[in-house]
2 protein chains.
Amino acid sequence: MSDRGTGQTHTSGESLLFLTDDQLRRGIEAMFFAYRGFTADPDRILQQYAYGRAHHRAIHFIKRSPGNTVNNLLDILGVTKQSLNRVLRALIADGLVESRVGKQDRRERHLYLTETGQELEKELSEAQRGRMRAAYRDAGPEAVAGFRQVLEQIMDPEMRRHFQTFKEGS
Amino acid sequence: MSDRGTGQTHTSGESLLFLTDDQLRRGIEAMFFAYRGFTADPDRILQQYAYGRAHHRAIHFIKRSPGNTVNNLLDILGVTKQSLNRVLRALIADGLVESRVGKQDRRERHLYLTETGQELEKELSEAQRGRMRAAYRDAGPEAVAGFRQVLEQIMDPEMRRHFQTFKEGS
DNA sequence: CAGTTTATGTCAGCCTTGTTGACTTTCCAA
DNA sequence: TTGGAAAGTCAACAAGGCTGACATAAACTG
């Protein structure tokens, strides 16, 4: 099983063994298991506040670019406005997010974290960064560069747009 | 924001700029966007069969180690037996998975893909591998090694056990 | 052999988070 | 002034998590 021709061949004398189906399968499983770990710590925290991952995602991207419109957030998160709205309504009602009417275009709502929202964001992101920091440290800077490179290639091109690519130098 | 002390320091003269909160944030977002791409192709296929990601995961791990018991699968997938059972029931009813009573221990059920199950598995994994292969090829073997290293560090230790580590050499 | 533990399955009910469809309000712009 | 975009809301539904309770069969243990 899984030793179909693809990837077993060689081109231009370079070994392409890292492209075998079995290597790809390992990569796939690594993504699966790692993503579980990646979300585990924030999930535990969110439970205490009766929130879910959807709330975390909204909080994260509002923190990243405060004043973002709902439409923009919808595009980034890739969910329907009804789905996002339910989450935002809860966060606004609980005083974690503030929705301000746009000044140029008063149809738009610009989203900001309140003080309380900042606090939860910090708690969540510190937990998540803690794990990432440990992983980065153990793997080293070169591995991290490869990690980021591969992840960026896995993304849909439209998502790569939202992902502010790390430009090195300086 | 996000320029707290951690990671900005230097130890033993080595630059630890890759551990800044901002770099970590980028890694976190990369995981988020990449995971979306990672599941996008199989998701599209599954929709045609009225299955979901949960079915894909079960199919994947039954394919990976045929004859696995339900308990083992539960451990790998990290869901409740009720949740897995719902999925397995559908797959068995649809003739994609076969459940055989254990020979040593007749309480156990050993799971196998049927011919039809193999076919769907192939369709799903070829789609998913296609994206991974392209990403791997574009990033190159060294980036892939780093990618795998970091992912393995992100996992929970218990999950690392299930993840058959790639041992290089020959 | 009796009692306990283990593996599995199943029913019922709940929650989160995604979906679609329909409809309203606001308001910009042609 | 009218069309359409942006945003919000209501309703209904589905997938796939969860807990709790319970049933069965098999294996294990004293």
Side-chain angles (χ1 to χ4, degrees), chain A residues 32 35-36 39-40 42-62 67-94 97-112, chain B residues 32 35-36 39-40 42-62 67-94 97-112:
Chain A
F32 171 67
Y35 199 78
R36 284 247 298 277
T39 56
D43 281 355
R44 265 187 292 273
I45 295 167
L46 289 158
Q47 227 177 334
Q48 299 166 6
Y49 296 88
Y51 289 140
R53 250 177 238 182
H55 302 84
H56 183 193
R57 291 197 279 263
I59 288 171
H60 174 97
F61 285 105
I62 293 172
N68 232 348
T69 63
V70 172
N71 239 359
N72 209 304
L73 201 52
L74 282 176
D75 196 25
I76 290 174
L77 295 176
V79 296
T80 57
K81 64 173 178 175
Q82 292 90 333
S83 201
L84 175 58
N85 194 257
R86 177 168 38 201
V87 164
L88 284 180
R89 216 184 313 161
L91 293 173
I92 291 168
D94 295 350
V97 167
E98 200 192 333
S99 167
R100 298 187 203 150
V101 172
K103 286 185 177 168
Q104 282 81 13
D105 187 337
R106 300 184 52 217
R107 292 167 301 183
E108 294 178 342
R109 299 297 132 90
H110 300 267
L111 303 168
Y112 300 87
Chain B
F32 171 67
Y35 198 79
R36 283 247 299 277
T39 55
D43 281 355
R44 266 188 291 274
I45 294 167
L46 289 158
Q47 226 178 336
Q48 299 167 6
Y49 296 87
Y51 289 141
R53 251 177 237 182
H55 303 83
H56 183 194
R57 291 197 279 263
I59 287 172
H60 175 96
F61 285 104
I62 293 173
N68 231 348
T69 63
V70 173
N71 241 355
N72 209 305
L73 201 53
L74 282 176
D75 196 25
I76 290 173
L77 295 176
V79 296
T80 58
K81 64 172 179 174
Q82 293 92 331
S83 201
L84 175 58
N85 193 257
R86 179 168 37 200
V87 164
L88 283 181
R89 216 185 311 164
L91 292 174
I92 291 168
D94 296 351
V97 167
E98 199 191 333
S99 167
R100 297 185 205 152
V101 172
K103 285 184 178 170
Q104 283 82 12
D105 189 335
R106 298 185 52 217
R107 289 171 304 181
E108 293 177 342
R109 298 298 133 88
H110 299 269
L111 303 169
Y112 300 87

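Scope of the values below: all heavy atoms of this structure, side chains included, with no hydrogens, waters or symmetry mates. So that the names make sense, note that chain A is the first sequence line, chain B the second, and so on, each numbered from 1.
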Engineer: Output the single nucleotide from C:dT17, D:dA27, D:dG8 whose closest atom is nearest the side chain of A:Ser83.
Structural biologist: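 That would be C:dT17.
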Engineer: Rounded off to whole Å, could you give me the CG-to-P distance for the B:Asp43 and D:dA15 pair?
Structural biologist: 14 Å
Engineer: Does A:Gln82 contact C:dG21 through a side-chain donor or acceptor facing the base, at a distance under 3.5 Å?
Structural biologist: yes
Engineer: Is the backbone of A:Arg36 close enough, under 3.5 Å, to the side chain of A:Thr39 for a donor and an acceptor to pair up by distance?
Structural biologist: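 Side chain of A:Thr39 to backbone of A:Arg36: a pair is present.
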Engineer: Expressed in angstrom and rounded to an integer, what is the separation of B:Arg57 atom CZ from D:dA15 atom C1'?
Structural biologist: 11 Å
Engineer: So, OP1 or OP2 of D:dA25: does either fall under 4.0 Å of a side-chain N or O from B:Arg107?
Structural biologist: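 No, B:Arg107 has no side-chain N/O under 4.0 Å of OP1/OP2 on D:dA25.
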Engineer: Would one find a side-chain N or O of A:His55 under 4.0 angstrom from OP1 or OP2 of C:dT17?
Structural biologist: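 It does, given that an N or O in the side chain of A:His55 lies less than 4.0 Å from OP1 or OP2 of C:dT17.
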Engineer: Do the non-hydrogen side-chain atoms of A:Leu91 and A:Asp94 ever get within less than 4.5 Å of each other?
Structural biologist: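 Contact flag for A:Leu91/A:Asp94 side chains = no.
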Engineer: For DNA chain C, whose closest nucleotide is more 5', that of A:Asp105 or that of A:Lys81?
Structural biologist: A:Lys81
Engineer: Nearest whole angstrom, please: distance from the P of C:dT10 to the CG of B:Leu84.
Structural biologist: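 So the CG-P distance, B:Leu84 to C:dT10, works out to 12 Å.
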Engineer: For the side chain of B:Glu108, starting at C-beta, report the closest nucleotide among C:dT17, C:dG9, C:dA7.
Structural biologist: C:dA7
Engineer: Take the angle between the ring planes of B:His60 and B:His56 and call it parallel below 30°, perpendicular above 60°, tilted in between.
Structural biologist: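 It falls in the perpendicular class, over 60°.
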Engineer: Nearest whole Å is fine: how far is C:dT5 C1' from B:Arg106 CZ?
Structural biologist: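 After rounding, the reported distance stands at 18 Å.
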Engineer: Main chain of B:Leu84, side chain of B:Arg89: is a donor-acceptor contact present, judged purely on distance under 3.5 Å?
Structural biologist: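 No, because the side chain of B:Arg89 does not come within donor-acceptor range (under 3.5 Å) of the backbone of B:Leu84.
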Engineer: Which one, C:dT8, C:dT17, C:dT10, comes nearest to the side chain of B:Asn71?
Structural biologist: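 Of all the options, the side chain of B:Asn71 is nearest to C:dT8.
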Engineer: Looking only at the side chain of A:Arg86 (C-beta and beyond, no hydrogens), which of the listed nucleotides D:dA26, C:dT19, C:dG9 gets closest?
Structural biologist: C:dT19
Engineer: Is any NZ, NE, NH1 or NH2 atom of the basic residue among B:Arg106 and B:Glu108 found under 4.0 Å from an Asp or Glu carboxylate oxygen of the other?
Structural biologist: no
Engineer: Please report, rounded to the nearest Å, how far the C1' atom of C:dT20 is from the CG atom of A:Asn85.
Structural biologist: 15 Å
Engineer: What is the nucleic acid contact for B:Gln104, judged by heavy atoms within less than 4.0 Å: base, sugar-phosphate only, or nothing?
Structural biologist: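 Answer is sugar-phosphate: B:Gln104 comes under 4.0 Å of backbone atoms only.
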Engineer: OP1 or OP2 of C:dT19 versus the side-chain N and O atoms of A:Thr80: is any pair under 4.0 Å?
Structural biologist: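 True: A:Thr80 side-chain N/O within range (under 4.0 Å) of C:dT19 OP1/OP2.
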Engineer: Using whole Å, report how far CG of B:Asn72 lies from C1' of C:dA7.
Structural biologist: 12 Å
Engineer: Compare the minimum distances between each of D:dA26, C:dG18, D:dA7 and the side chain of A:Arg109, then state the nucleotide with the smallest one.
Structural biologist: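 Per side-chain heavy atoms of A:Arg109, the pick is D:dA7.
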